[in-house]
Amino acid sequence: MQEQKNNKDIYILGIESSCDDTGIAIVKNGREVIANVVASQIDIHKLYGGVVPEIASRNHVMNIDGALTECLNRANMTLKDIDAIAVTYGAGLLGALIVGVNFAKALAYSTGKPLIAVNHIEGHICANYIEFNQLEPPFVCLIVSGGHTALVEQTDFVTRKLIGTTTDDAIGEAFDKVARECGLEYPGGPNIQKQAALGTPCIKFITKPHDKNGYNFSYSGLKTAVINYLHNADQRGEVVSIPDVCASFQKEAVDQVVEKTVKACKNYGYYKIVLAGGVSANAALRETMKAEAAKIGAEVYCPRIGLCTDNAAMIASRGYFDYVNNKNIADPLTLEAQSTLPL
Ligand code: KG4
Ligand code: ZN
């Protein structure tokens with residue numbers, strides 16, 4: 001699978017609307033960000049303690065046109081300069097995805113540009129090609145986000161095999177739920193990290209490792225153990241240390257993915273570990289992964305924070321690799337958003 005079709009520079013317009021961020025970006029040759037606009041809705045969803053799907057869809061409708069104009073202005077380009085349009089068509093909130101998909105279909109149809117259907121988690125992986133100009137597959141990749149926890153073997157730019165996934169909740173979902181129970185604002189992940197830095201991991205929530213010999217993850221037991229700990233303390237009128245609870249939860253959540261990722265790297269014979277998705281912004285995860293990987297001589301790649309969380313530059317990057325390999329080209333009249341996609 002190749003990286004470049006010919007010597008001409010290729011500009012892909014990326015569109016992302018799978019959750020609560022409306023993203024439009026232009027990326028050159030899959031690696032260089034020309035413009036990356038993210039219209040965040042965090043301040044709105046914060047009021048409800050989490051993403052409200054209908055409100056997310058409505059705000060995508062309000063933001064998407066302006067985000068495109070802003071992106072083209074920042075890039076000093078017009079749609080004529082774009083080679084193809086890449087859009088997240090799944091997985092995510094259906095109503096939110098439909099806004100981006102329909103917008104992309106209309107753009108592709110009216111301009112005659114090719115339309116590329118991008119799987120959101122494959123976009124997350126590609127954020128690393130933007131951050132690390134020389135990075136190439138094969139590698140082992142850990143995708144950790146609000147909706148996914150997956151360990152994959154990326155064999156070339158457009159092919160991957162699933163090694164393991166969560167048997168219940170996604171890791172980001174657990175961060176967000178635990179944060180809410182601790183009285184912290186949405187999005188929970190960054191706030192757990194802040195509280196954890198003030199405490200010590202002195203509470204043991206889970207005593208038995210999950211899927212000891214395999215590569216699958218579980219976060220529901222850990223999440224429930226933390227919630228029960230908080231409720232029991234409340235009923236007994238005991239004061240709990242939220243920083244200690246956060247530090248202990250974060251350590252157990254991080255150790256689980258780190259242990260399995262390093263084991264997979266060793267057993268599959270790779271020396272590159274790539275991190276992707278919103279939870280890979282977590283400092284404890286990045287540090288622990290680097291320390292454990294160093295023990296087996298493996299290198300860890302992780303994008304800057306702004307490329308870990310949802311954005312359209314990563315979607316444009318993946319769109320580029322699909323475009324040059326003639327993969328996932330979609331029909332602008334019939335492409336449909338999918339709330340779930342096979343891993
Ligand atoms: O990739 P992403 O932006 O959206 C999805 O595809 O789901 O990931 C969002 C998730 C949320 O659960 C959020 O709490 C988590 O990423 N997150 C973090 C951190 N920053 C974002 N989790 C732990 N530590 C962080 N610093
Ligand atoms: Zn995401």
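Numbering of residues begins at 1 and proceeds along the displayed sequence. Read the numbers this way: they start at 1 and go in the same order the structure lists the ligands and their atoms.
- A cation-pi arrangement is present between K263 and Y215 under the rule of less than 6.0 angstrom and at most 45 degrees off the ring axis.
- Of the polar atoms of F175, none of the N or O atoms is found under 3.5 Å from an N or O of ligand 1, judged by distance alone.
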Quiz item: Given T155 and E153, is the side-chain hydrogen bond (donor to acceptor under 3.5 Å, both in side chains) satisfied, shown in steps?
Solution: CA-CA 6 Å; T155 52; E153 182 187 10; over 6 Å; no
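- Between the side chains of T340 and Q338, not a single donor N or O lies within less than 3.5 Å of an accepting N or O.
- In summary, the side chains of Q250 and N282 do present a donor paired with an acceptor at a separation below 3.5 Å, with no hydrogens or angles considered.
- The line from CD of E299 to OH of Y301 is 4.0 Å long, rounded to the nearest 0.5 Å.
- Of the protein's non-hydrogen atoms, the one nearest atom 2 (P) of ligand 1 is D310 OD1, 3.3 Å.
- For H124, the heavy-atom gap to ligand 1 drops under 4.0 angstrom.
- Taking a 4.0 Å cut-off on heavy atoms, H148 fails to register as neighbouring ligand 1.
- Backbone and side-chain nitrogen or oxygen atoms of G172 are examined, and one is located within less than 3.5 angstrom of a nitrogen or oxygen of ligand 1.
- If you look at D310 and ask which of its N, O or S atoms sits nearest the Zn ion (ligand 2), the answer is OD1.
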Exercise. Evaluate side-chain contact (heavy atoms from CB on, under 4.5 Å) for L285 paired with V144, printing each intermediate quantity in order.
Key: CA-CA 10 Å; L285 172 57; V144 277; 4.0 Å; yes
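- At least one heavy atom of G147 sits less than 4.0 Å from an atom of ligand 1.
- For T309, no nitrogen or oxygen atom sits less than 3.5 Å from a nitrogen or oxygen atom of ligand 1, counting backbone and side chain alike.
- Considering both main-chain and side-chain atoms, N282 comes within under 3.5 Å of ligand 1 through a nitrogen or oxygen pair.
- Near A281, meaning under 4.0 Å from any of its heavy atoms, are these atoms of ligand 1: 20 (N), 26 (N).
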Quiz item: Could you go step by step and tell me if I15 and I64 meet the side-chain contact (heavy atoms from CB on, under 4.5 Å) rule?
Solution: CA-CA 9 Å; I15 300 174; I64 201 159; 4.1 Å; yes
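- Taking the six-membered ring wherever Trp is involved, the centroid distance between the rings of Y186 and Y48 does not fall below 6.0 Å.
- Not less than 6.0 angstrom separates the ring centroid of F249 from the ring centroid of F205.
- Not one N or O on the side chain of N216 forms a donor-acceptor pair closer than 3.5 Å with the backbone of G164.
- Within ligand 1, the atoms closer than 4.0 Å to a non-hydrogen atom of Q193 are 24 (N), 25 (C), 26 (N), numbered from 1 in the order shown.
- Looking at atom 15 (C) of ligand 1, its nearest protein heavy atom turns out to be V279 CG2, 3.8 Å.
- At a 4.0 Å heavy-atom cut-off, ligand 1 touches D176 through the side chain alone.
- Near H120, the atoms of ligand 1 lying under 4.0 angstrom from a non-hydrogen atom of the residue are 6 (O).
- Within ligand 1, counting atoms from 1 as listed, the ones closer than 4.0 Å to a heavy atom of G146 are 5 (C), 7 (O), 8 (O), 9 (C), 10 (C), 12 (O).
- Note on ring orientation: taking the six-membered ring where Trp is involved, the planes of Y270 and Y268 are parallel (angle under 30°, cut-offs 30° and 60°).
- Residues L13 and I24 meet the side-chain proximity criterion, which asks for heavy atoms closer than 4.5 Å.
- The nearest heavy-atom contact from the protein to atom 8 (O) of ligand 1 is G278 CA, 3.3 Å.
- Because the distance cut-off is set at 2.8 Å, C19 fails to qualify as a neighbour of the Zn ion (ligand 2), as none of its N, O or S atoms comes that close.
- Contact annotation: H148 places no N, O or S atom under 2.8 Å from the Zn ion (ligand 2).
- Annotation: G189 places an N or O atom under 3.5 Å from an N or O atom of ligand 1; distance criterion only.
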